[in-house]
Peer 1: 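Let me begin by handing over the structure; questions about it come next.
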Amino acid sequence: VAQSNNRLQSFSVEDKQDVDVVEPVELSLFARLVGEDTQARVIESIGTWANDKAKENPGCVERFVCETYKTGETMSGIPYLFMSLTNAAVSFMVAEQFGEAIEMEAITRAAKYGRMTG
């Protein structure tokens with residue numbers, strides 16, 4: 001109980017509560033220079049541009065997938081395992097990004113061809 005206005009109140013052990021400490025979030029250099037809103041617009045416009053290019057030339061995306069699988073097939077041991085996992089992740093991301101722009105069968109076909117010719 002506070003005795004005067006200049007003193008802090010004393011609390012019993014039962015009254016104490018845990019307080020979460022919130023650390024300030026550090027922004028990237030790009031976010032500090034242009035702001036988060038501008039950064040979001042730039043990323044969105046790059047994604048839109050890439051989708052438009054994939055629609056115009058789906059063979060380019062197919063070749064990218066084919067070449068990554070082809071390169072992975074030339075490796076052996078741990079590098080082969082790492083490249084196989086990376087190729088699967090890249091194929092998934094390409095399918096997510098360009099799913100509306102190109103057919104999924106084309107990505108699968110390019111991956112198979114890359115594995116066969118590698």
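Along the sequence shown, the residues carry numbers beginning at 1.
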Peer 1: Measuring from Glu62:CD to Glu105:CD, what's the distance to the nearest 0.5 Å?
Peer 2: 10.5 Å
Peer 1: If I take atom NZ from residue Lys70 and atom CE from residue Met116, how far apart are they, to the nearest 0.5 angstrom?
Peer 2: 11.0 Å
Peer 1: Suppose we screen for side chain to side chain donor-acceptor pair (under 3.5 Å). Which residues come up paired with Thr68, at least two apart in sequence or across chains?
Peer 2: none
Peer 1: Supply the members, apart from Tyr80, of the Ile/Leu/Val/Met/Phe/Trp/Tyr cluster built from side-chain contacts under 4.5 Å; use none for a lone residue.
Peer 2: Met75, Met83
Peer 1: Would you give me the side-chain donor-acceptor pairs under 3.5 Å for residues 41-60, sequence neighbours excluded?
Peer 2:
| from | atom 1 | to | atom 2 | distance (Å) |
| --- | --- | --- | --- | --- |
| Arg41 | NH2 | Thr38 | OG1 | 3.3 |
| Ser45 | OG | Arg41 | O | 3.2 |
| Ser45 | OG | Val42 | O | 2.9 |
| Thr48 | OG1 | Glu44 | O | 3.0 |

Peer 1: Identify the heavy atoms of Ser91 and Val65 that sit nearest to each other, and give their distance.
Peer 2: OG-CG1, 4.1 Å
Peer 1: Excluding sequence neighbours, so at least two apart, what forms side-chain contact (heavy atoms from CB on, under 4.5 Å) with Ala95?
Peer 2: Met104, Ile107
Peer 1: Atom SG of Cys66 and atom CZ of Arg109: how far apart are they, to the nearest 0.5 Å?
Peer 2: 11.0 Å
Peer 1: Could you grab the distance from atom OH of Tyr69 to atom OG1 of Thr86, nearest 0.5 Å is fine?
Peer 2: 10.0 Å
Peer 1: Under the 4.5 Å side-chain heavy-atom rule for ILVMFWY, direct or indirect, which residues accompany Phe92?
Peer 2: none
Peer 1: Do Val90 and Phe64 have side chains that get closer than 4.5 Å, going by heavy atoms?
Peer 2: yes
